Undergrad: 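Sharing a structure with you now.
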Amino acid sequence: MVRHLQSLQDVSRDELKSLVDRALVLKKERLSGVRHQQLAGRTVGLIFEKPSTRTRVSFESAMYGLGGQVIFLSGRDTQLARSEPLKDMARVMARYVDAMVVRTFGQEVVTELAEYSSVPVINALTDLHHPCQILSDIMTVVEKKGAIEDLKIAWIGDGNNMANSWIQAAGIVGFELILACPEGYDPNGEILAAAQKEGGKPITLLRNPEEAVAEADVINADVWASMGQESEQDERLAVFQSFQINAELMTKAPADAIVLHCLPAHREEEITEEVLESDRCVAFDQAENKMHMHKAILEQLIGEVKKQ
Ligand code: CP
Ligand code: NVA
């Protein structure tokens with residue numbers, strides 16, 4: 001059966017660990033000049049209905065870096081823009097490409113494409129999840145701190161797609177996760193309840209950022225208004241003011257706590273320039289790691305199809 005990556009629920013604890021290990025090896029090999037060709041003759045289709053810098057370019061360079069090739073389609077380029085059914089799009093694309101990487105609004109778009117596609121469908125961000133980002137973020141944590149299992153990870157701000165995927169990761173891997181979100185901006189309740197039931201370490205939802213960072217090893221920031229929420233920007237700016245990651249908040253965290261930001265960053269909103277540009281923030285290594293992790297994902301999912 002073809003494997004998809006719709007959310008982190010599609011990945012087991014062991015698979016997640018081996019993706020991180022493999023991405024770290026691929027990073028080292030690239031630095032030492034190894035030329036990979038394991039996906040030569042393979043093609044990935046990128047279908048992006050929202051803007052992207054990092055995810056698009058890192059998936060494209062990952063695929064080229066493994067000897068493969070890429071076809072990029074923005075939302076307006078396909079017949080989806082003229083209401084062609086997703087189930088038709090999925091079956092047609094699967095005859096041309098070896099995997100589809102999809103960025104869109106509703107998670108149900110990814111679900112339907114996966115249901116009808118005979119090649120892997122990879123979620124490159126929906127309103128509900130951002131699984132590939134969290135896989136690269138875990139890689140970054142492992143790279144910086146050695147391992148993640150015994151760490152305390154803090155999430156400060158909106159209970160958005162990134163927060164939901166961190167929650168799933170905490171359930172799967174079993175690390176402690178402390179979220180601080182303003183009331184009314186909680187993460188998805190079902191995803192939270194399911195991960196809390198998995199019985200690893202605690203996953204806690206708080207209202208106070210200072211409490212959330214007090215013992216944190218890793219502090220995560222993301223925009224206050226995600227793509228598609230532009231009309232809520234002013235309202236959110238007011239609600240989220242006390243959730244900013246700034247020098248004052250960092251004094252409440254352990255001295256060796258690092259800051260992650262998936263980028264793009266809105267300076268002086270969710271994070272100050274001072275913290276973003278400080279040594280404690282690893283956002284640019286985190287951005288680089290997306291490419292190495294995307295190689296590991298493509299290699300694994302396309303490799304499995306090749307074996308069938
Ligand atoms: N972090 C991330 O997904 O960035 P892009 O929106 O630029 O892809
Ligand atoms: N939560 C953000 C993540 C961007 C990478 C968004 O969905 O816009």
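Just so you know, ligand 1 is whichever comes first in the structure, and atom 1 is the first atom listed for that ligand. Being a predicted model, the structure only gives us computed values, none of them experimental.
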Undergrad: Tell me who clusters with L206, hydrophobic residues only, linked when side chains sit under 4.5 Å apart either directly or through other members.
TA: I178
Undergrad: Salt bridge or not between E198 and R13? Use side-chain N to carboxylate O under 4.0 Å.
TA: no
Undergrad: Is it true that a side-chain atom of Q233 and a backbone atom of Q229 form a donor plus acceptor pair closer than 3.5 Å?
TA: no
Undergrad: Is it true that, when you exclude K17 itself, more than 12 heavy atoms of the residues, nucleotides or ligands shown sit nearer than 6.0 Å to its NZ?
TA: no
Undergrad: Looking at residues at least two apart in the chain, or sitting in another chain, which of them share a side-chain contact (heavy atoms from CB on, under 4.5 Å) with A296?
TA: L19, R22, A23, L26, M293
Undergrad: Say whether S74 and D77, considering side chains only, have a donor N or O and an acceptor N or O under 3.5 Å apart.
TA: yes
Undergrad: Determine whether more than 12 heavy atoms belonging to other residues, nucleotides or ligands lie under 6.0 Å from atom CD of E277.
TA: yes
Undergrad: Please tell me whether H36 and E299 have a donor and an acceptor in their side chains that are separated by less than 3.5 angstrom.
TA: no
Undergrad: Taking atom types as modelled, find out whether E288 and H292 have a side-chain donor-acceptor pair closer than 3.5 angstrom.
TA: yes
Undergrad: Who are the residue neighbours of ligand 1 when the rule is a heavy atom under 4.0 Å from any of its atoms?
TA: S52, T53, R54, T55, R103, H130, Q133, C262, L263, K290
Undergrad: Less than 3.5 Å apart, N/O on ligand 2 and N/O on the protein: could you list those pairs with the distances?
TA:
| from | atom 1 | to | atom 2 | distance (Å) |
| --- | --- | --- | --- | --- |
| ligand 2 | 1 (N) | N160 | ND2 | 3.3 |
| ligand 2 | 1 (N) | N161 | OD1 | 2.9 |
| ligand 2 | 1 (N) | D222 | OD2 | 2.7 |
| ligand 2 | 1 (N) | S226 | OG | 2.7 |
| ligand 2 | 7 (O) | N161 | ND2 | 2.8 |
| ligand 2 | 7 (O) | S226 | OG | 3.4 |
| ligand 2 | 8 (O) | M227 | N | 2.8 |

